[in-house]
Amino acid sequence: MSACILRVFLQRAAVMRKAAQQTFSQTRMFPQCVTEINTHSRGINTFTSSLRAEEKVAIHFLNRDGKRISVKASIGDSLLDVVVNHDLDIDGFGACEGTLACSTCHLIFEEAVYKKLGPVSDEEMDMLDLAYGLTDTSRLGCQVCLRKELDGMILRVPDVISDARVDSEKESSTAPPKV
Amino acid sequence: MALQSSILHLARKNLLQESCKQFLLQAHGLHKSTASGSLEIAAHSQADLKEENLVSPAVEGLKETTVKTLQEMPGPSTFSNLVEFFYRDGFSRIHEIQTEHSQKYGKIFKSRFGPQLVVSIADRDLVAHVLRSEGATPQRGNMESWKEYRDMRGRSTGLISAEGDEWLKMRSVLRQLIMRPKDVSAFSPDVNDVVVDLVKRVKTLRSQQDDGQTVLNINDLFFNYAMEGVATILYETRLGCLENEIPKMSQEYIAALHLMFSSFKTTMYAGAIPKWLRPMIPKPWEEFCSSWDGLFKFSQIHVDKKLSDIKKKMNKGEEVKGGLLTHMLVTREMNLEEIYANMTEMLLAGVDTTSFTLSWSTYLLARHPTIQQEIFEEVDRVLGGRAPTGEDVAYLPLIRGLVKETLRLFPVLPGNGRVTQDDLIVGGYFIPKGTQLALCHYSTSMDEENFLRPGEFRPDRWIRKDASDRVDNFGSIPFGYGIRSCIGRRIAELEMHLALTQLLQKFHIEVSSQTTDVHAKTHGLLCPGAPINLRFVDRK
């Protein structure tokens, strides 16, 4: 429930930000800060991605319920962008909107793919330390951007067994994924 | 943050109902969660993982068939708590009492402060358990007195005092601006300018002492540094806190800040004293209001000034360029009152937190010359004499380790609060929605089970051998975790990393003969219990 509200909110926030930035460009005001944010665009900011050539790669998520979700997503987008833009049903994913304050966008990669992902920043490693069900091929989805070489990759969404909420809805989502 | 951090600030809540039914153990609620454990078993299937977690000894009551109620939870009696806190001044020893109580009653226990029931959690895995279960808008504690002041003055709430959707809306705007490490790293040149002034100020202050090397009460200096640093980023302006003559307006603000912190206990009572008692004991509430008046006034002056600058430029048809405040004023994702409130609360939260940590860091370096030398050598190897930038910090793992280790030994927030937003099962107890939890970060970071020889200062315990090397986690989370964690974390880290690096480049830091063992005391935040006097000897 709460995660649903959050997702709606995130989407609305993204739309609002986009609108604000368009206002900027119309009035020819580009505060340094905004430009920087666009440069480091990750997470929810859809402004830059809309300008890119629409080259797509296929990604397959193995969700917690064992179901496979396959999407075509734009190169350059982060995996958090993918989950938000495609409105994928992954409970509680990306709670901090890609600002490296949580590890809810934790994803598990195939080993061969993991090696292609490049270095992990200290800040991401610190947050990975706090991720549940960490593996040697874990990354935060908000920090991984799509490239052509990643086409066809399969990602596993880790379980959230540690959820302490007394909520019967939770039970269904804690079934072990079939990998 | 000083006031809200205290679990005792929350004394006006309704009596919590403890009469909850026995709940059957629901598997989903009771698994132990530990990253270190799960790393070892990462190769196993998820089913194995569940099983291993189930037999973990760290969570009490796991094998029992029923979940216990709050009534069954151990803890000190209301009377002994009253004696401890009001008679034996337990307020200044909250961090120690946390540890004492967890040793006596177990890692989850309940305490009563008047009508307020608090469930304390001093186990790393249970803390993780609670924080990972958070919903969209976690609540830290009862902020009624903060809200009451704001309602009275027609002010908005800010990130600290707001709750629910109102909070999420503001958080969502602000985290996009000041939380991503790369965005924050862009402030390096501004922060470095402040560090230059810090070094200059060290030289001025030490020249005023007979030995020409001692800086008395180092926290005063770092307080001014932190304030200057935060203001540079938030207001895009310099306040002059590190000048020989501090401008009057900044002085007034510092006075308001000091009033806010020094009257911590009274302002805490201000929240705790029922309204009907205020005519009889008016002082705490009056001080509380007048320090807020001072803080808001200061922010408003700076925000308004920036706004009029922007308007002037726009009228002239000039391009408007700027940093954080300019962005907020131009985009208006938050209204002006919300900007005032958030600027006020963020500045308030970003000063003494950073200064205490810098004070402890330099104190620890001075007390451990060998470790200081190791860190200096790393800095020297990586940078030579060059000033660091935010990007350099990735190559200075010991500087990062220094800040982490300082915050483990002296977590500026010894405990953090959460009000449960759902019914939870934690450590085998049923905890109803609306219960005030105290997450005992001081206890967990000093726990032998989490950190080998926890009393030792060892910045290298945070060094990773490689990217897959995991370092202990929920045992020390000084900035919190998740959606309601410290929004100023990356700014604070940048300020501390850059200042410590440059201080080490310039000076050999030693303890003054006037300073012996300095112990921590809680005064809202965990702070040095006595002045720290340090010698800053030029490096050749």
Side-chain angles (χ1 to χ4, degrees), chain A residues 1-3 5-6 9-10 13 16-17 20-21 23-24 27-34 36-37 40 42-45 95-104 119-123 125-126 128-136 159-167 170-171 174 176-177 179, chain B residues 23 26 28-29 31 33 35 38-39 42 45-47 49-50 53 128-130 132-133 135-137 168 172 175-177 179-183 186 314 319-324 326-327 330-331 333 394 400 421-426 430 464 467-468 470-474 477 481-483 485 489:
Chain A
M1 251 304 282
S2 51
I5 297 167
L6 180 67
F9 189 87
L10 294 185
M16 279 165 64
R17 247 188 306 287
Q21 279 151 7
T23 319
F24 262 143
T27 50
R28 285 181 42 76
M29 288 182 299
F30 279 101
Q32 196 187 345
C33 196
V34 175
E36 274 155 20
I37 286 160
H40 304 307
R42 277 196 179 129
I44 321 292
N45 196 326
C96 79
E97 289 187 358
T99 55
L100 279 170
C102 72
S103 42
T104 55
V120 194
S121 72
D122 287 316
E123 290 84 2
M125 277 193 270
D126 289 348
L128 278 171
D129 283 345
L130 305 174
Y132 185 78
L134 198 71
T135 73
D136 284 343
D159 215 342
V160 282
I161 320 179
S162 88
D163 198 324
R165 278 173 287 182
V166 181
D167 175 355
K170 283 270 142 273
E171 256 182 328
T174 54
V179 180
Chain B
F23 267 66
Q26 304 269 323
H28 64 264
H31 296 280
S33 51
S38 46
L39 186 67
S45 74
Q46 289 283 326
L49 202 134
K50 274 191 170 178
N53 282 333
H129 197 49
V130 168
R132 283 178 177 143
S133 305
T137 58
L168 183 58
S172 191
R175 69 181 162 202
Q176 293 299 335
L177 304 174
M179 281 222 82
R180 286 196 179 84
K182 276 191 180 166
D183 294 336
M314 282 172 77
E319 191 182 23
V320 177
K321 272 190 171 180
L324 182 66
T326 306
H327 175 78
V330 172
T331 56
E333 291 173 291
R400 293 187 96 241
Q421 306 292 300
D422 293 287
D423 292 342
L424 298 184
I425 298 171
V426 182
F430 176 81
R464 292 171 206 278
S468 65
R470 291 294 146 213
V471 178
D472 210 327
N473 43 66
F474 272 102
I477 42 166
Y481 168 79
I483 193 168
S485 62
R489 171 179 189 165

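The figures here come from the full heavy-atom set of this structure, side chains too, leaving out hydrogens, waters and symmetry mates. Please read these numbers as outputs of a predicted model, since none were measured by experiment. The sequence lines fix the lettering, A, B, ..., with proteins before strands; numbering per chain opens at 1.
For the pair Thr99(A) and Gln176(B), the tightest heavy-atom approach, listed with the atom from each and the gap, is CG2-NE2, 4.3 Å. When all heavy atoms are compared, the tightest approach of Arg132(B) to Leu130(A) is NH2-O, 2.9 Å. Of all the heavy atoms in Gly482(B) and Cys102(A), the pair that sits closest is CA-CB, 3.7 Å. Smallest separation of non-hydrogen atoms from Arg180(B) and Gly98(A): NE-O, 3.2 Å. Contact record, Ala95(A) with Arg175(B): O-NH1, 3.5 Å, taken as the closest heavy-atom pair.
With a 4.5 Å cut-off on side-chain heavy atoms, Val120(A) and Arg464(B) do not count as touching. When side chains are defined from C-beta on, Glu97(A) counts as touching Ser172(B), because their heavy atoms get closer than 4.5 Å.
A donor-acceptor pair under 3.5 Å links the side-chain atoms of Tyr481(B) to the main chain of Ser103(A), judged by distance alone.
Checked against side chain to side chain contact (heavy atoms under 4.5 Å, CB included), Glu123(A) has the following partners two or more places apart in sequence or in another chain: Leu100(A), Ser121(A), Pro181(B), Arg400(B), Arg490(B). Residues meeting the side-chain hydrogen bond (donor to acceptor under 3.5 Å, both in side chains) test with Thr104(A), sequence neighbours left out: none.
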